[in-house]
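Naming convention: chains lettered A, B, ... in sequence-line order (proteins, then strands); numbering from 1 in each chain. Since we're looking at a predicted model, the values are computed, not measured.
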Amino acid sequence: MSLHLYDTWTRSLREFTPLQPGEVGLYTCGPTVYDYQHIGNYRTFLFEDGLKRVLRLNGLKVNHVMNITDVGHLVSDGDDGEDKMEKGSRRTGKTAWDIAALYTESFVGDLKLLGIDFPTTLCKATDNIPEQIAFIEEIEKKGYTYITSDGVYFDTAKQQSYGYLGRLDIKGLQAGARVDLGEKRNATDYALWKFSKPEDKRQMEWDAPWGRGFPGWHIECSAMAHKYLGEYFDIHCGGEDHITVHHTNEISQSEAAYGSRLSNYWMHGYFLLTNDAKMSKSAGEFLRVQLLIDKGYDPIAYRYLCLTAHYRTQMTFSWESLDAAQIALDRLRLNIHSMGAPGSQPNAEYVAKFMDKLNDDLNFPQALALTFEVSKSDLPNAEKKATLLKFDEAFGLGFASWQPKEVDVPENVRTVADARWAARNAKDWAEADRLRGELTALGWTMKDGKDAYTLTKL
RNA sequence: GGCGGGUUAGCAAAGAGGUUAUGCAGCGGAUUGCAAAUCCGUUUAGAACGGUUCGAUUCCGUUACCCGCCUCCA
C-alpha cells in the first residue's frame with residue numbers, strides 16, 4: 001500500500017502526497033533549552049525520526065527543519081510568567097546564553113546516543129529575531145494585533161478559523177478559563193511580542209517597532225518554518241500537547257500573515273507516562289538519557305522500547321519494560337550478528353509486507369513483530385540478514401554496525417577461568433565446580449562453549 | 001467546568017467481526033558432567049452490564065475507573 005499518515009487537521013488517515021514530487025518539507029518542534037530533555041521528550045523526537053526514515057524508504061527526499069527555542073518561552077500561564085531562559089540563568093548563575101549553549105549541546109549529544117538522524121537545518125530562535133519581527137509586522141498589517149501594557153497580542157476573535165486544529169470550543173474556553181485574562185481581550189489571545197519590564201534587566205532583549213523586548217513563543221516556529229520551508233509545506237510535527245495551543249497559534253499566525261495553514265499534514269506524538277502520569281519537567285523528577293546509561297542500559301534499548309508502541313498511543317514507561325526491551329534487543333543483535341555476511345538482496349516478499357505495515361501510519365509495533373517472524377523463518381542466513389538490515393533502515397537500531405562487546409577480563413580472573421577449563425576438560429567435576437564458585441565470588445559468570453569458554457560480568 | 005483518548009494476559013503492547021500478534025517473564029522439553037546460552041513447545045487475555053449478529057475482545061449504548069489537553073509542556 002502507499003504511504004498513509006494520520007493527520008490531526010482532518011482527524012483521519014490520509015494518503016500522503018508530497019506538494020513537490022519526490023520531496024518532503026518537514027518541520028518538527030524542537031526543544032526549549034532551559035534544562036535537559038527527558039526521555040518523554042525523546043519519544044516524540046524518535047517518532048519523528050521514524051517518520052523521516054519511512055518517508056525516505058518511500059523514495060522521498062526529506063528537508064527537515066527543527067528549531068531550538070532559546071528565548072521567549074514563559075515559565076507559566078497567561079503570558080505573564082517568567083522567561084524560562086532567564087529563570088534557568090538565575091538558578092545556575094550562568095548567563096542565559098550559556099544555558100542555551102549548554103543544553104543545546106546536551107540535546108545534540110542525546111540525539112546521537114539515540115541514533116536520531118540530525119535535521120537538515122537546526123535553527124535557533126535568537127538567530128532569527130528580525131524574521132520574527134517582520135512576521136509580526138505582517139500580522140499587524142493585516143489588522144489582527146493589539147497592544148497592551150506588556151506586549152503585542154493576537155486578537156483571536158478576529159479570526160473565524162481560529163482553533164480548528166484543536167477543535168476548540170471557544171465559548172467553553174472563555175467560560176472555563178482558569179487563568180486571569182489580564183489585559184487580554186480573549187482567553188485564546190496570545191503574545192506575539194513581549195516588552196521588557198523596566199524593573200527587570202533582561203539578558204535577552206531586542207529592539208522592535210513596538211518597544212524593546214522579546215518574541216512570544218509561537219512566532220518563532222511560524223517565522224522559521226516560513227523562512228526555511230516557505231508558506232506551505234508538507235508535514236509539521238510535535239507532541240500531542242501542542243495541538244490545542246502551540247500549533248493552533250502557529251496556524252493562526254500564518255493564516256493571518258499569508259492565508260496559509262502552514263502545513264498540509266499535522267502529526268503528533270503521544271506522551272510517555274510514568275506511574276500513569278505524564279513525564280514532565282515542571283513536575284520535578286524526570287529521566288534523562290544519561291540516567292539510563294548510568295543504570296547500565298544502552299540508549300538504543302529505549303529506542304527499541306519506543307518502537308513497540310504506536311506513536312499515537314500513550315506509552316507506559318517502567319524499568320521492567322526497559323529491561324524487556326534491552327534483553328530483546330541484545331538477543332536480536334546477537335542473532336543477526338551470528339548470521340554472517342548479508343546477501344546482496346533482501347527478501348522481496350517480506351520487505352513488501354514490512355512496507356505495508358510502516359505505510360499504514362507507521363505501524364512500528366507490527367513491523368517489529370514481522371522482524372521476529374523473519375528471524376525465525378527458513379530463509380537462508382544471508383538473505384535473512386539482508387532482509388533484517390533492510391528493516392533496520394526504518395528502525396535505526398544499528399544492526400549493521402553492531403559488534404559484541406569485548407570485555408576486559410582481569411588477569412586473576414583469567415587464571416581461575418583457565419584452571420577451571422582445564423579441570424573441566426580433565427573431567428574433574430569437583431574441582432571445576434569449586435573454581436566456578438571462585439569465579440562467582442569474583443563477580444564473573446563462566447559459560448562453557450564447544451571449543452572455548454566465555455566470561456561475563458555479573 | 002469544556003474538549004479528547006483509553007481500559008487486552010504477570011509486564012509492555014498490536015491487529016482483526018470467526019483463523020498463533022509480538023517481545024519480556026513463567027512453565028515443559030531438547031541440549032549440558034552440572035550450568036549458561038541456544039532451540040522447540042506451551043499456560044495466563046480484552047473493565048462491567050446490555051444491544052446488534054449464526055458468531056464480538058473487535059460494532060453500538062450505558063456505567064465505572066484511568067489518562068491527556070484547556071496553564072509552561074514532547
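- A syn base is found at B:rG46: its glycosidic angle is within 90° of 0.
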- prompt: Given A:Lys158 and A:Asp189, is the salt bridge (charged side-chain N to carboxylate O under 4.0 Å, His left out) satisfied, shown in steps?
  reply: CA-CA 10 Å; A:Lys158 290 189 173 160; A:Asp189 290 358; over 6 Å; no

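- Taking the charged nitrogens against the carboxylate oxygens, A:Glu48 and A:Lys52 have no contact shorter than 4.0 Å, which rules out a salt bridge.
- Residue contacts shown for A:Leu332 are absent, as no nucleic acid heavy atom lies under 4.0 Å away.
- The listed nucleotides are B:rA74, B:rG68, B:rG33; the one nearest the side chain of A:Glu240 is B:rG68.
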query: A:Val71 and A:Met204: side chain to side chain contact (heavy atoms under 4.5 Å, CB included), yes or no, with the steps?
result: CA-CA 7 Å; A:Val71 68; A:Met204 292 177 156; 3.8 Å; yes

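- To the nearest whole angstrom, the two C1' atoms, one in B:rU8 and one in B:rU44, are 12 Å apart.
- Summarising the geometry, the separation between CD1 on A:Ile243 and P on B:rG2 is reported as 20 Å, rounded to the nearest angstrom.
- Under the 3.5 Å distance criterion, with hydrogens and angles disregarded, a donor-acceptor pair is assigned to the side chains of A:Tyr42 and A:Asp110.
- B:rG28 sits 15 Å from B:rU43 when the P atoms are compared, rounded to a whole Å.
- Nucleotides B:rG4 and B:rC39 have their C1' atoms positioned 47 Å apart, rounded to a whole Å.
- For A:Asp433, whose side chain is taken as the heavy atoms from C-beta onward, the closest listed nucleotide among B:rC34, B:rA12, B:rA74 is B:rC34.
- Under the 30°/60° scheme for interplanar angles, the aromatic rings of A:Phe317 and A:Trp319 are found to stand perpendicular.
- The A:Arg424 side chain lies nearest to B:rG33 when the options are B:rG33, B:rG68, B:rA74.
- Nucleic acid contact class of A:Arg11 (heavy atoms, under 4.0 Å, all strands): none.
- Regarding A:Phe47, its CZ atom lies at a distance of 10 Å from the C1' atom of B:rA74, rounded to whole Å.
- Stems are defined here as 3 or more consecutive Watson-Crick or G-U wobble pairs with pairing distances under 3.5 Å; those involving RNA chain B are B:1-7 with B:64-70, B:10-12 with B:22-24, B:26-30 with B:38-42, B:47-51 with B:59-63.
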statement: In B/S/- notation (B base, S sugar-phosphate only, - none; protein heavy atoms under 4.0 Å), nucleotides 15-26 of chain B written 5' to 3' is S-----BSSSS-

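- Each of A:Thr156, A:Thr248, A:Asn249, A:Asn186 was evaluated against A:Tyr162; a single residue qualifies, A:Asn249, per the side chain to side chain donor-acceptor pair (under 3.5 Å) test.
- Listed candidates were B:rC11, B:rA74, B:rG33. Nearest to the side chain of A:Asp448 is B:rG33.
- A:Tyr6 pairs by the ring pair (Phe, Tyr, Trp, His ring centres under 6.0 Å) definition with nothing, not counting sequence neighbours.
- Side-chain atoms of A:Arg420 and base atoms of B:rG33 include a donor and an acceptor less than 3.5 Å apart.
- Distance noted for atom P between B:rU7 and B:rG26: 27 Å (whole Å).
- Taking 4.0 angstrom as the limit, A:Thr316 places a side-chain polar atom (N or O) nearer than this to OP1 or OP2 of B:rA13.
- Within the nucleic acid shown, A:Asp169 comes within 4.0 Å of sugar-phosphate atoms alone, with no base atom in reach, counting heavy atoms only.
- Looking at which nucleotide of RNA chain B each of A:Glu48 and A:Thr313 is closest to, the 5′-most match is held by A:Thr313.
- Residues A:Trp97 and A:Ile99 have side chains not in contact (no heavy-atom distance under 4.5 Å, counting atoms from C-beta outward).
- Rounded to a whole angstrom, the distance from the C1' atom of B:rU57 to that of B:rA36 is 40 Å.
- Looking only at distances, a side-chain donor or acceptor of A:Ser263 sits under 3.5 Å from a matching main-chain atom of A:Asp234.
- Shown here for A:Leu13 and A:His4, the closest heavy-atom pair between the two residues is CG-CB, 4.2 Å.
- At a threshold of 4.0 angstrom between heavy atoms, the contacts of A:Gly40 include nucleobase atoms, whether or not backbone atoms are also involved.
- Donor-acceptor pairing under 3.5 Å is recorded for the side chains of A:His247 and A:His268.
- Separation of the C1' atoms belonging to B:rC59 and B:rG46 is 15 Å when rounded to the nearest angstrom.
- Positionally, the nearest nucleotide of RNA chain B for A:Gly166 lies more toward the 5' end than for the other of A:Gly166 and A:Leu334.
- Separation of the C1' atoms belonging to B:rU53 and B:rA45 is 23 Å when rounded to the nearest angstrom.
- Note: NE2 (A:His268) to P (B:rG5) measures 15 Å, nearest angstrom.
- Residue A:Met315 has its side chain nearest to B:rA13 when only B:rA13, B:rG68, B:rG33 are considered.
- Rounded to whole Å, the distance from CG on A:Leu307 to C1' on B:rA12 is 13 Å.
- In this structure, A:Tyr162 atom OH and B:rC3 atom C1' are separated by 14 Å, rounded to whole Å.
- Separating the P atom of B:rA25 from that of B:rA16 is a span of 28 Å, rounded to the nearest Å.
- Rounded to an integer number of Å, the gap from A:Gln314 CD to B:rU8 P is 14 Å.
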